[in-house]
There are 2 protein chains.
Amino acid sequence: MAGKTRQSKAKLQSAAFRRTRSDHSKELAADYVELIADLIDERGSARGTDVALRLGVANATVVKMLKRLQDMGLVTQEPYRPIALTGEGWEMAETGRKKHQIVERFLLALGVGEETARIDSEGIEHHVSDETLRAMGRFLARQIS
Amino acid sequence: MAGKTRQSKAKLQSAAFRRTRSDHSKELAADYVELIADLIDERGSARGTDVALRLGVANATVVKMLKRLQDMGLVTQEPYRPIALTGEGWEMAETGRKKHQIVERFLLALGVGEETARIDSEGIEHHVSDETLRAMGRFLARQIS
DNA sequence: AGTCGAATTTAGCATTGGCTAAACCTCTGT
DNA sequence: ACAGAGGTTTAGCCAATGCTAAATTCGACT
Ligand SMILES: [Mn+2]
Ligand SMILES: [Mn+2]
Ligand SMILES: [Mn+2]
Ligand SMILES: [Mn+2]
């Protein structure tokens, strides 16, 4: 059983790399909508500059990305106006927030400092499957008791 | 204390996103050298096709990437010959393997199934800071007792 | 030695995500 | 009313990562 065929090994491993590449292709959209939702909740509206500042990228980068998010049906925007989320956008933001929170709180519960938990969770969240997320949830539930 | 300035909030959050982007820029090189090291150890040599097959990408993609890895000083290769790692390449592979193993074993210890641990760790490994890695190590040490 | 199949490389292309600089709108305050 | 500041968009660029198809080289077997 430990002896795997060359081919089966390749198949198994390439599946992992494919998943990671697929995660990355969805990552940016997830971060954008989550951030936009946060800005709307915190300050009433999300402007391009705020998004750029929080992401640490140039304004022009945000403009271009927002067009893609519109094409994906996650965001609506009239020229020179603040950014709005579609229903689908809100849904995605909500899902993302929940996941992000669990990952961040999990790291804290594991004994990681606040700043590190904040930073690491921003990348880790996108690679956590449902199964792993559930395991983290169980760990958190255990911790409380 | 809970009330953060708009600016300070932006600075903190953009730092997290910058770290994630920086992680991604290093990720591919890390995966390549780790995979090449594995292939050399397992089968005596690493050929382009093996790398392509295990990563799940086209041959031409690997050729191009190997050139960049050569420029980075991680890999050496004569035309039409198998791939060798430089000293730096082996070092990076070793560091990567250790980290990858801790992350994967950590997920297993958390109660995640084998396949999921294998897949999720492939992406998560690149976003785990030294601090978080140590926390995972402590968790594993505790588990054993 | 010659041929054929497998591996490798090259060429040419597309998409994603980033940047700067310059032009363009909006809104607010005088 | 309108000037100026600040926000937004456009234009044009670049690097990274992927692909397919075609050309090339290597090596093993007759
Ligand atoms: Mn998030
Ligand atoms: Mn994120
Ligand atoms: Mn990632
Ligand atoms: Mn990896």
Side-chain angles (χ1 to χ4, degrees), chain A residues 6-7 10 14-33 35-36 39-40 43-72 74-84 122-123 126, chain B residues 6-7 10 14-15 17-33 35-36 39 43-72 74-84 122-123 126:
Chain A
R6 267 123 218 94
Q7 276 127 326
S14 66
F17 286 121
R18 281 175 207 283
R19 234 287 302 277
T20 301
R21 287 196 297 272
S22 147
D23 289 343
H24 284 156
S25 75
K26 295 167 197 152
E27 175 162 350
L28 204 60
D31 282 339
Y32 265 81
V33 295
L35 176 51
I36 291 165
L39 286 167
I40 292 174
R43 9 201 344 204
S45 81
R47 291 174 320 165
T49 340
D50 302 326
V51 174
L53 236 138
R54 294 258 189 129
L55 285 176
V57 299
N59 257 308
T61 303
V62 170
V63 172
K64 204 189 286 186
M65 196 58 202
L66 287 176
K67 256 168 219 150
R68 232 174 282 151
L69 296 178
Q70 260 184 302
D71 293 345
M72 296 184 216
L74 298 169
V75 144
T76 57
Q77 195 189 17
E78 302 145 77
Y80 296 95
R81 284 286 107 98
I83 308 151
E122 192 59 73
H126 308 281
Chain B
R6 267 126 216 92
Q7 276 125 329
S14 66
F17 286 121
R18 281 175 207 284
R19 234 288 303 279
T20 301
R21 287 196 297 271
S22 147
D23 290 342
H24 284 156
S25 75
K26 296 167 196 151
E27 175 161 350
L28 204 61
D31 282 339
Y32 265 83
V33 295
L35 176 53
I36 291 166
L39 286 167
R43 12 204 339 207
S45 80
R47 292 175 319 166
T49 340
D50 302 325
V51 174
L53 218 95
R54 294 258 189 130
L55 285 176
V57 300
N59 258 310
T61 302
V62 170
V63 172
K64 204 189 287 185
M65 196 58 202
L66 287 176
K67 258 168 217 148
R68 303 228 349 268
L69 296 178
Q70 260 184 301
D71 293 345
M72 295 184 218
L74 297 169
V75 144
T76 58
Q77 196 187 15
E78 301 146 79
Y80 295 94
R81 284 286 107 96
I83 307 152
E122 193 59 75
H126 307 283

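Just so it is clear: chains get the letters A, B, ... in the order the sequence lines come, proteins before strands, and each one is counted from 1.
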Given atom [atom1] of [X] and atom [atom2] of [N], what is their separation to the nearest angstrom?
X: B:Asp50; N: C:dA6; atom1: CG; atom2: C1'; answer: 12 Å
X: A:Asn59; N: D:dA11; atom1: CG; atom2: P; answer: 17 Å
X: A:Leu55; N: C:dC19; atom1: CG; atom2: C1'; answer: 15 Å
X: A:His24; N: C:dG18; atom1: NE2; atom2: P; answer: 12 Å
X: B:Glu78; N: C:dT9; atom1: CD; atom2: P; answer: 11 Å
X: B:Phe17; N: C:dG17; atom1: CZ; atom2: P; answer: 14 Å
X: A:Lys64; N: C:dC19; atom1: NZ; atom2: P; answer: 10 Å

Quiz prompt | Residue A:Thr61, side-chain heavy atoms: nucleotide from D:dT9, C:dG18, D:dC19 that is nearest | solution =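 Of the options given, the side chain of A:Thr61 lies nearest C:dG18.
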Quiz item: Of the nucleotides D:dT20, D:dT8, C:dG18, which has the atom closest to the A:Arg47 side chain?
Solution: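 It is D:dT8.
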Quiz prompt | A:Tyr80 or A:Val57, whichever maps to the more 5' nucleotide of DNA chain C | solution =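 The residue mapped nearer the 5' terminus is A:Val57.
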Side-chain N or O of [X] less than 4.0 angstrom from OP1 or OP2 on [N]?
X: B:Arg81; N: D:dG27; answer: yes
X: B:Thr49; N: C:dT8; answer: yes
X: A:Ser25; N: C:dT16; answer: no
X: B:Arg68; N: D:dT17; answer: yes

Quiz item: Does the distance from a Lys or Arg side-chain N to an Asp or Glu carboxylate O, for B:Arg19 and B:Asp23, drop under 4.0 Å?
Solution: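 Yes.
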Exercise. Could you say whether A:Arg21 or A:Val63 is positioned toward the 5' end of DNA chain D, judged by the nucleotide with the nearest heavy atom to each?
Key: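 Its nearest nucleotide lies further toward 5', so the answer is A:Val63.
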Practice problem: Indicate yes or no for a side-chain donor-acceptor contact from A:Arg21 to the backbone of B:Gly56 under 3.5 Å, with no hydrogens or angles considered. | Solution: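 Yes, the answer is positive, given that a donor and an acceptor are paired below the 3.5 Å cut-off.
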Quiz item: How far apart are the closest heavy atoms of B:Leu53 and A:Ser14, and which atoms are they?
Solution: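 Taking B:Leu53 first and A:Ser14 second, the nearest heavy atoms are O-CB, 3.5 Å.
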